[in-house]
A.B. asks: 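Please see the structure below; I have some questions.
Keep in mind that the numbers below use all heavy atoms, side chains included, and drop hydrogens, waters and symmetry copies.
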Amino acid sequence: LVAARRRDRAAIAMSSAVFGLWHVGPTLAALRINGVQTGRLRSCAAAVVASAGAGVALGALRSKAGHLAAPWLAHCAGNVTALVVAAVWQRRRA
């Protein structure tokens with residue numbers, strides 16, 4: 001049981017790190033699209049840390065649920081929420 005928990009933790013840590021690093025490309029693309037020229041390194045670092053943290057939560061959810069449906073749905077809900085917030089933000093700026 002202890003060995004299985006250690007493997008789970010290692011898998012969550014590794015997948016969370018990869019999940020965080022994967023978000024560098026989309027973050028750079030979003031910054032470019034929005035014309036952001038300064039603070040790009042800080043923005044990418046924040047995105048990696050936030051995404052890795054979300055990866056830990058999603059990994060823990062996967063571990064508790066025993067399947068991928070729960071973290072997949074949570075990830076989809078997070079993405080949809082981000083899109084809605086961005087749309088509202090754009091409408092307020094216009």
Side-chain angles (χ1 to χ4, degrees):
L1 186 61
V2 173
R5 285 187 186 159
R6 249 189 226 144
R7 283 192 301 271
D8 275 356
R9 287 185 188 136
I12 289 171
M14 181 63 76
S15 64
S16 296
V18 171
F19 188 69
L21 290 172
W22 183 90
H23 284 83
V24 169
T27 300
L28 288 175
L31 293 171
R32 185 179 64 251
I33 289 166
N34 290 295
V36 176
Q37 299 299 322
T38 60
R40 293 166 60 101
L41 179 60
R42 198 172 356 171
S43 296
C44 281
V48 168
V49 170
S51 298
V56 170
L58 294 171
L61 183 57
R62 192 281 184 222
S63 184
K64 291 281 185 195
H67 53 78
L68 287 174
W72 181 79
L73 288 170
H75 186 272
C76 289
N79 286 351
V80 168
T81 300
L83 288 172
V84 169
V85 168
V88 168
W89 181 268
Q90 287 291 19
R91 282 185 161 233
R92 285 187 159 196
R93 287 181 58 191

A.B. asks: Measure the CZ-OG distance between R9 and S63 for me, rounded to the nearest 0.5 Å.
C.D. replies: 9.5 Å
A.B. asks: What closest approach, in Å, do G55 and S16 show between heavy atoms, and which atom pair accounts for it?
C.D. replies: C-OG, 3.0 Å
A.B. asks: Would you say S51's side chain and A47's backbone share a donor-acceptor pair under 3.5 angstrom?
C.D. replies: yes
A.B. asks: What residues, two or more places apart in sequence or in another chain, satisfy side-chain hydrogen bond (donor to acceptor under 3.5 Å, both in side chains) together with N34?
C.D. replies: none
A.B. asks: Testing the basics here: between A60 and I12, what is the closest heavy-atom pair and its distance to 0.1 Å?
C.D. replies: N-CD1, 3.8 Å
A.B. asks: Transitive ILVMFWY cluster of W72 at side-chain heavy atoms under 4.5 Å: who else is in it?
C.D. replies: L73
A.B. asks: Please check if V48 and L28 belong to a single hydrophobic cluster, counting links between Ile, Leu, Val, Met, Phe, Trp and Tyr side chain heavy atoms closer than 4.5 Å.
C.D. replies: yes
A.B. asks: Would you compute the distance between atom CG of L61 and atom NE2 of H67 and round it to the nearest 0.5 angstrom?
C.D. replies: 8.0 Å
A.B. asks: Would you please classify the geometry between the H23 ring and the H75 ring as parallel, tilted or perpendicular, with 30° and 60° separating the classes?
C.D. replies: tilted
A.B. asks: Using the side-chain hydrogen bond (donor to acceptor under 3.5 Å, both in side chains) rule, collect all pairs that involve residues 35-46, keeping only residues at least two apart or in two chains.
C.D. replies: none
A.B. asks: Does a sphere of radius 6.0 Å around CG in L41 hold more than 12 heavy atoms from other residues, nucleotides or ligands, not counting ones at 6.0 Å or beyond?
C.D. replies: no
